[in-house]
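Here is how names work: the chains are called A, B, and so on, in the same order as the sequence lines, proteins then strands, and each is numbered from 1.
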Amino acid sequence: MTFDKQLCVNEQELYKALGYVNKEPDDAVKQVICDAIEKLSRAAMPKWLYKRCILNENYMLTANGVSFALHGNSIRKWLHGCTECFMFCVTLGYEVDTVLRTVQTQDMQLAFIMDTAASILAENYTQAADDELVRLASEDRKYTTMRFSPGYGDLPLETNCNIVRLLDSVKLIGLTVQPKGALTPQKSVIAIKGILNNPAGEKEDRCTNCPMVENCEYRKKGVYCGGKNI
Amino acid sequence: MAAKIFDDKHITLFDGALGTMLQTHAEIPKDRLELAAIEHAEILTEIHRQYVNSGAQIIMTNTFGANGKKLARFGVEVVEAVMASVKCAKAATDGNALVALDVGPLGEMLKPAGSVSFEEAYNIFAEMMQAGANAGADLILIETMTDVLEVKAAVLAAKENTSLPVLASMSFEEDGRTFTGVSVEAFAAAIEPLGVDGLGLNCSLGPQKLVPLFKRLCALAQCPVFLQPNNGLPNPATDKYEMRPSEFLEAIMPCLDMGVSGIGGCCGTTPETIELLAKTIKNCIPAKREILPYAFVCGGTKVVPLDGVLCIGERINPTGKKALRQALQSGDIAAVQTLAVQQEQAGADILDVNVGAPDVDEVEMLPAALQAVQAVSGLPVQIDSNNPKALEAALRVCIGKPIVNSTTAEKSKLAAILPLCKKYGAAVVGLTITEDGIPMTAAGRCEAAKKILDAALKEGLRREDILIDCLTLSVAAESDAAGVTLQAVRKVSGELGLRTVLGVSNISFGMPARAQLNRTFLAMALAEGLNAAIINPSDEEMMATVHCARVMHGQKNAQQKYIELYGAQNEGKKAVMQPVQSSDAPTLKDAIVMGLKQQATQAAAKLIEEGGGESLAIVNEYLVPALDEVGKEFEVGRIFLPQLLASAGAAQAAFEEIKKHMTASEASGPPVVIATVKGDVHDIGKNIARVLLENYGFTVTDLGRDVPPKHVVDAVIKTGAKLAGLSALMTTTLPAMEETIREIKKAAPQCKVLVGGAVLTEDYAKRIGADFYAKDAVATAEYAKRVCGNL
């Protein structure tokens, strides 16, 4: 599925992610940032998919006849009380990966800024997908948890392999997964949202279950990594 | 004898969807469809039978996902799954229809997008196909592909391991490209020459949206073409395909006038769909197609017509390039990528790739260099080698349709090179050299060209895929060298109707003011009909001649491009970057600290000139302190990574300038090996570290990503590196990092190991045996200096 609206990278958010938390970059860096955002918007071809799954008491997910169990305590805690969930994935597409590879051969500064911007853009589209799922749930008078991705807490990264299969993302949007769980194209996100009958309780900090929560350089600067560290 | 799949007397009818049909049976688990032939043979056979009874003449086996990668999770052998599937299909057809071994994508991407090597993909496909052939399949249908290199691996696996007819089909999006950016035209250009028996489009789209793309295929492919659309798009809420058979038929009907030879259906189609198709096309024959013999080459994403004036970038050639030669000798192919991108940006249409140099194993290095180029450029390539083994190794892994440079008119050369071009679908450059040497007349060269043409046509190559190089000899050696070549170009173009190519700059070898001779010769050759010039695209004067010639020839968009490039210039003046006035010029140190590339280069050049060429001193007195200052500012948080990288870029530019004046030993700093570990493909952090290490003068061997432990060990031993840097960005690849450290310590105990990556901590690094945890690129460079020392 494609998105209705084209999203872009907010410059202020990008400044922070690049480390400029309490100051702005100089004009030379700002120019490179503009260039990076422009190149990125030309290359990005965002797509997404979702499936609504049944979740049983053993945290076995089922959708369209495909079933697998979710392992680890973090996800089980996250989905506690849910009998359904959304499984979804978002990708910016292969052209972004190609452009990032190419730019790295010429200009590492531009490449680094583009890479950071691409992670933010992937996160922005993930949020758009998330918002749509919240809307879909609300049509049934349901609510959703925040999203949770493989690699968070003790949910194994290899869970991506099962989710890709369930979503049939290889065929439908070209999103594949390597044996160790890395997604291709690289600027892609896979996530799970629990569906609830009542509004979720106190919102957990989305960083809580990240393995880097104690040592994260982004958290030290007060910014969110966009999931790139997972 | 191989089954006849298509003919001109009827339109072959394929079956419809199998997966969606199997999914209607509740007793078949939807995540075990690949095993239906083993676990639910009766149901599967019955579905096949329904399609046969509906009129399908080709039935596809239930082996779409029956490859070693996908079956691994079931613990079922490929042979077992394939044989069972073929058996079910054959039981259903009972000799009344052909059985096609259905081969879908592996489910993981090949390099460079993913981590599967060409060889691994080939072997996985070969296993399936051998099993299918042994089980009695009548043909092989490779379908629903989105990566043209994966299609190539599958087609070669089929042709080299079976004698079955092979059909290849790709899935396209509405914009006419696959997910990986391959166009319909690139698909046809790259895959038809491999000798497939048919090309098709399937899946992704319903007939309404697929038919216009199919029209494009029909205009190009000379082999039979077929179409298997989805049954429209699925309802996102229910996942059901809701198009009625009559709607499917109406939407697909236009393809009958386009020359389709085979029709079927993909996801969501049913026996009802096929039955309706069967009734409709019963008395139809394939319409005659107007196919203009196309002449183009293509890379991963760019299709380049061989008409008009073309620029072939010559820079990826170690001859006369010390730095590139050294890089290739040490196995570092990043330099090749930089040259590829530079040339593309400068306007090259095709990239020549040559790695011939002493101490370079061409058989190993040429495919590696080619893959490196194609990882960063979608341009077509010209594979340049005299070594048939190296050529074949490169041709196998080449994405798209390349040019092979070259053969001569000598019988032995023709016999060695032309079969390779035929097998791998490459165009070929023929040098007009005979057993008697280089003919010194235009007539002699034209005769040699005729020999090449005759041999190539006999081998089965197309005339459109032959380019003749009439040879450029230096006017310093032969005063009529230019005249003979120019006349030969005219004769070969005019009398033989062949396209021509020339390595232009040879004309001025040994003469002063080479640039103006080259430019003039190029213009004269283009006027005689030269098609492609092998030049340096960064030479602005030469490229201006190319652009002018395109305008003169009235090439499409040439005028617009010309105005875009030169419209801002005043008459008689050229817009150039003006050097900074010396009174304003920053010092080398300041230029690096401020991240000013051009100024850093100029400052370095000035220092060399003033200092009488004491390169090493300049590095140690100016470059290194500048980098140290920037590093310190970064560490205390006064500047950030973008600024650090700007400074690194400036230092890199200055260092390139300084290196021109260094001896080989001065330019080679202490060796360091870096890699992203096996299973991990994230590398930007490692690449940033590489830039900084090179700034400090280290000779970095960058092994890339997803690197097995053995390769790291081999590189450490080969280079004598005292430091290896390993990067991992996923928790799942940390075990591979630990294993790599262990292997390094075993084989090269003197080598220190530094690790970095977002998921690492100092504690974990210690636990897995690393000597140092680097939190960023500056820390990496600092540690490297401590371990290895500077230049």
Counting only non-hydrogen atoms closer than 4.5 Å, does [X] touch chain A with its backbone (N, CA, C, O), its side chain (CB onward), both, or neither?
X: Arg73(B); value: side chain
X: Lys678(B); value: neither
X: Gln643(B); value: both
X: Pro234(B); value: neither
X: Ala375(B); value: both
X: Thr338(B); value: both
X: Thr146(B); value: neither
X: Gln342(B); value: both
X: Val691(B); value: side chain

When rounded to the nearest 0.5 angstrom, what is the spacing between [atom1] in [X] and [atom2] in [Y]?
X: Gln374(B); Y: Thr98(A); atom1: CD; atom2: OG1; value: 12.0 Å
X: Thr62(A); Y: Asp31(B); atom1: OG1; atom2: CG; value: 9.0 Å
X: Asp26(A); Y: Ile639(B); atom1: CG; atom2: CD1; value: 10.0 Å
X: Met108(A); Y: Leu641(B); atom1: CE; atom2: CG; value: 10.0 Å
X: Asn230(B); Y: Lys171(A); atom1: CG; atom2: NZ; value: 6.5 Å

Take atom [atom1] of [X] as the centre, draw a 6.0 Å sphere, and report whether it contains more than 12 heavy atoms from other residues, nucleotides or ligands.
X: Lys686(B); atom1: NZ; value: yes
X: Glu762(B); atom1: CD; value: no
X: Asp4(A); atom1: CG; value: no
X: Arg141(A); atom1: CZ; value: no

Any donor-acceptor pair under 3.5 Å from Thr176(A) side chain to Gly107(B) backbone: no

Can you confirm whether [X] sits close enough to [Y] that some side-chain heavy atom of one is under 4.5 Å from a side-chain heavy atom of the other?
X: Pro179(A); Y: Glu108(B); answer: yes
X: Asp683(B); Y: Gln104(A); answer: yes
X: Glu173(B); Y: Lys47(A); answer: yes

If you look at every heavy atom in [X] and [Y], which pair is closest and at what distance?
X: Ala182(A); Y: Val681(B); answer: CB-CG2, 4.3 Å
X: Phe640(B); Y: Gly19(A); answer: CE2-O, 3.1 Å
X: Ala646(B); Y: Gln109(A); answer: CB-NE2, 3.4 Å
X: Leu18(A); Y: Pro642(B); answer: O-CD, 3.9 Å
X: Gln178(A); Y: Gly114(B); answer: NE2-CA, 3.8 Å

Checking [X] against chain B: side chain, backbone, both or neither under 4.5 Å from a heavy atom?
X: Leu172(A); answer: backbone
X: Val99(A); answer: neither
X: Val170(A); answer: both

Close approach to chain B in residues 158-168 of chain A, criterion heavy atom under 4.5 Å: Glu158(A), Arg165(A)

Chain B contacts, top residue of Gln106(A), Arg52(A), Lys23(A) (heavy-atom pairs, under 4.5 Å): Gln106(A)

